[in-house]
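Residue numbers begin at 1 in each chain, while the letters A, B, ... track the order of the sequences. A quick note: this is a predicted structure, and the numbers were derived from the prediction, not measured.
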Protein chains: 2
Amino acid sequence: MARKASTARSPANDAVRAPKRGDLVVEEIKRWIVTRQLKPGDRLPKEAELQDLFSVSKGTVREALKSLEVQGFISVSTGPSGGATVVEVPLERTFQLVQNYLFFKEVDVRDIYTVRKMLEPELAAGAVPHLTKRDFEAMEASIDTCAPTPASVDDALRMRQEDLHFHDILAEANPNPFLRFFCQMVNQTLRRLVVFGANPLQSHNTELGRTNVLAHRELLAAARKRDVEKVRRLMLAHIEEAETHVFRMHGTMSSRLVLDSEMRVNITPRLARKP
Amino acid sequence: MARKASTARSPANDAVRAPKRGDLVVEEIKRWIVTRQLKPGDRLPKEAELQDLFSVSKGTVREALKSLEVQGFISVSTGPSGGATVVEVPLERTFQLVQNYLFFKEVDVRDIYTVRKMLEPELAAGAVPHLTKRDFEAMEASIDTCAPTPASVDDALRMRQEDLHFHDILAEANPNPFLRFFCQMVNQTLRRLVVFGANPLQSHNTELGRTNVLAHRELLAAARKRDVEKVRRLMLAHIEEAETHVFRMHGTMSSRLVLDSEMRVNITPRLARKP
DNA sequence: TGACTATATTTATTATGATAAATAGGAAAA
DNA sequence: TTTTCCTATTTATCATAATAAATATAGTCA
């Protein structure tokens with residue numbers, strides 16, 4: 001007669017479940033990061049100390065750190081001066097988590113292009129004043145990569161990825177972090193949208209590649225002249241054109257989002273930008 | 001003399017670090033979910049069986065499951081018929097993870113409104129044909145909540161949240177899951193953007209609330225008439241107007257994103273939509 | 001002096017076993 | 001029939017110990 005009190009709160013359906021100890025530790029550490037203004041590079045106490053601080057066992061601390069690691073808040077390593085260090089949540093990690101969400105949704109190529117048409121012209125226009133010499137060179141290099149006719153299936157796929165990289169360069173140059181993130185998300189989702197049942201060397205695809213190169217060249221020229229209006233106009237036309245090609249392809253194949261774990265080629269977007 | 005082979009791959013700077021056992025298990029389980037077409041509701045083997053299957057210890061399995069739980073892929077519970085069950089990654093979880101990313105960025109209210117102006121008119125327009133009687137009633141209820149003059153600071157804050165709920169209703173009615181997600185993200189980010197150093201009862205805020213109610217009423221009327229063009233037009237005007245008010249407020253206060261752990265009021269967006 | 005190598009130290013990582021808490025389902029009582 | 005209680009099952013937490021990885025330091029050779 002000492003452990004009653006379990007009639008009222010039945011977590012059966014979807015009521016509040018008692019939070020686990022590990023999650024409480026996670027909350028506490030997050031609060032630390034906020035209140036103590038921890039910045040990327042700062043280190044958390046080592047596991048043993050965290051055990052004492054929160055009066056929990058090793059395994060519990062470990063699960064808490066694992067959670068924070070998955071969320072992208074910390075990075076842990078062994079050795080002296082090791083342990084958990086705060087890091088700025090990496091973009092790639094966030095991508096992955098969003099893709100997990102979209103994985104369960106029926107996302108169509110056209111759904112993505114609908115959003116793309118709304119955002120990308122503005123993004124490009126806003127990026128123009130901030131493009132550096134380095135950016136122009138990177139864009140030029142990207143175009144050159146896609147210029148030749150693809151010789152193999154791998155080649156063709158790589159070029160589609162490189163096409164997206166061109167847009168990533170523009171995205172990174174835009175000073176609006178919110179818009180930037182959304183456009184990078186669009187690009188990443190297109191990257192993750194694999195297409196089945198069709199030869200990437202088919203005419204529609206090579207045609208897409210050809211027109212992309214032309215459009216990118218025009219965009220680059222206009223961007224070099226800092227012609228914001230023209231860039232906006234060209235970008236909209238570019239995406240609309242690409243959409244029609246993709247849509248034509250779509251008649252003969254099906255597409256779906258894939259998880260990180262089943263990505264065949266590791267398509268790491270090159271996102272470094274040093275001004 | 002049996003453990004050499006550690007000269008070449010030095011994870012010092014940011015090279016590839018040997019993946020931990022737990023992460024490998026995560027990958028494997030994800031592959032399971034994909035290849036074996038596990039759907040939400042399906043259950044994973046219990047911890048003890050997973051130990052045997054992957055030849056790892058209890059703690060390792062536990063960390064792997066924790067990772068999957070944080071990612072929103074599974075939900076674990078105790079007792080008979082407990083264990084890990086696959087769930088559709090919840091929207092709220094994804095929100096949280098994206099907010100983690102944005103937390104480290106300098107996101108301005110205007111940055112968000114820039115994106116909002118691009119997306120929301122199209123979103124509303126696309127939602128109009130799919131709005132149900134139930135949706136209309138919900139929108140009306142939302143407007144009614146915001147109609148009276150706020151009596152307290154809490155009241156005022158609650159109304160700002162309810163304003164966003166109006167937009168959430170529209171978002172959920174749009175059939176494009178990608179656009180839907182982006183707009184919900186915009187709304188959620190606005191929710192998380194707390195504002196310091198100003199009284200929410202100040203004139204700019206009450207003025208914002210007043211014009212919001214008027215705009216929402218007009219929007220609802222146009223939506224009831226299924227006037228897509230008008231809804232698009234009204235929505236753009238509505239957001240532009242709201243932006244100017246928010247911008248005026250912004251002169252006297254600073255804003256920043258907050259983490260889940262430091263949310264004072266638990267502002268759970270009501271996102272259920274049963275057709 | 002300079003660069004390289006071995007060694008020791010620090011820290012995370014994995015493993016094992018034991019106990020506590022929560023839950024579903026059935027058994028017993030009203 | 002309804003309620004209450006018991007019990008088997010499964011995760012949650014704790015404790016301890018051994019292993020592996022990363023780094024700093026001292027030491028060695030040129």
Exercise for the section: I would like to know whether A:Glu69 and A:Leu65 meet side chain to side chain contact (heavy atoms under 4.5 Å, CB included); could you show each step before the answer? Expected result: CA-CA 6 Å; A:Glu69 192 189 29; A:Leu65 292 179; over 6 Å; no
Handout entry: Nearest to side-chain heavy atoms of B:Ser57, which nucleotide of C:dT16, D:dA21, D:dT11
Key = C:dT16
Practice task
Starting from C1' on D:dA15, measure out to CZ on A:Arg21 and report it in whole angstrom.
Solution key: 14 Å
Practice task
Give the nucleotide from the list D:dA17, C:dA12, C:dA24 with an atom nearest to the side chain of A:Val76.
Solution key: C:dA12
Practice task
Return the residues of residues 60-70 of chain B meeting this criterion: a heavy atom under 4.0 Å from some atom of DNA chain D. Order them by number, or give none.
Solution key: B:Arg62
Exercise for the section: Look at the side chain of B:Thr78 and decide which nucleotide, out of D:dT11, D:dT23, C:dT16, has an atom nearest to it. Expected result: D:dT11
Handout entry: Worked check of side chain to side chain contact (heavy atoms under 4.5 Å, CB included) between B:Asn174 and B:His130
Key = CA-CA 7 Å; B:Asn174 192 296; B:His130 304 90; over 6 Å; no
Fill in the blank from the handout: Closest non-hydrogen contact found for A:Gly82 with A:Arg43 is O-NH2, 2.8 Å
Problem - A:Lys46 NZ to C:dT9 C1', straight-line distance once rounded to whole Å - result: 11 Å
Exercise for the section: Keeping the roles fixed (side chain from B:Ser67, backbone from B:Glu63), state whether a donor-acceptor pair exists under 3.5 Å. Expected result: no
Practice task
Grab the CG-C1' distance between A:Leu50 and C:dT13 for me, whole Å please.
Solution key: 16 Å
Exercise for the section: Check the distance between D:dA22's C1' and A:Arg43's CZ and give it to me in whole angstrom. Expected result: 12 Å
Practice task
Starting at CG of B:Asn100, measure out to CZ of A:Phe73 and round the result to the nearest 0.5 Å.
Solution key: 3.5 Å
Practice task
Pick base, sugar-phosphate or nothing for A:Gly83, based on heavy-atom distances below 4.0 Å to the nucleic acid.
Solution key: sugar-phosphate
Handout entry: End-to-end axis angle, where each axis spans five pairs of the helix from C:dT1-D:dA30 to C:dA30-D:dT1, to 10°
Key = 0°
Fill in the blank from the handout: DNA chain D nearest-nucleotide lookup for A:Gly79 and A:Val56: closer to the 5′ end is A:Val56
Practice task
Could you state the atom-to-atom distance from CD of B:Gln51 to C1' of D:dA12 in whole Å?
Solution key: 14 Å
Exercise for the section: Would you mind telling me which residue lines up with the more 5' stretch of DNA chain D, A:Ser81 or A:Gly22, judged by nearest nucleotide? Expected result: A:Gly22
Completion exercise
Between NZ of A:Lys20 and P of D:dC14 the distance, given in whole Å, is 13 Å
Practice task
Verify whether one side chain among A:Glu27 and B:Ser261 offers a donor that lies under 3.5 Å from an acceptor in the other.
Solution key: no
Exercise for the section: Grab the CG-C1' distance between A:Leu44 and C:dT11 for me, whole Å please. Expected result: 14 Å
Problem - Side-chain donor-acceptor contact under 3.5 Å, A:Gln188 with A:Arg191 - result: yes
Practice task
For the pair B:Phe95 and B:Phe181, name the ring-plane relationship: parallel under 30°, tilted 30 to 60°, perpendicular over 60°.
Solution key: parallel
Exercise for the section: Can you see which heavy atom on B:Leu123 is nearest to which on B:Arg180, and at what distance? Expected result: CD1-CA, 4.2 Å
Fill in the blank from the handout: Whole-Å distance, B:Asp23 CG to C:dT14 P, equals 8 Å
Handout entry: Check: B:Asp111 main-chain N/O paired with A:Asn176 side-chain donor or acceptor under 3.5 Å
Key = yes
Practice task
Tell me what B:Glu47 touches on the nucleic acid: a base, only sugar-phosphate, or nothing, going by heavy atoms under 4.0 Å.
Solution key: sugar-phosphate
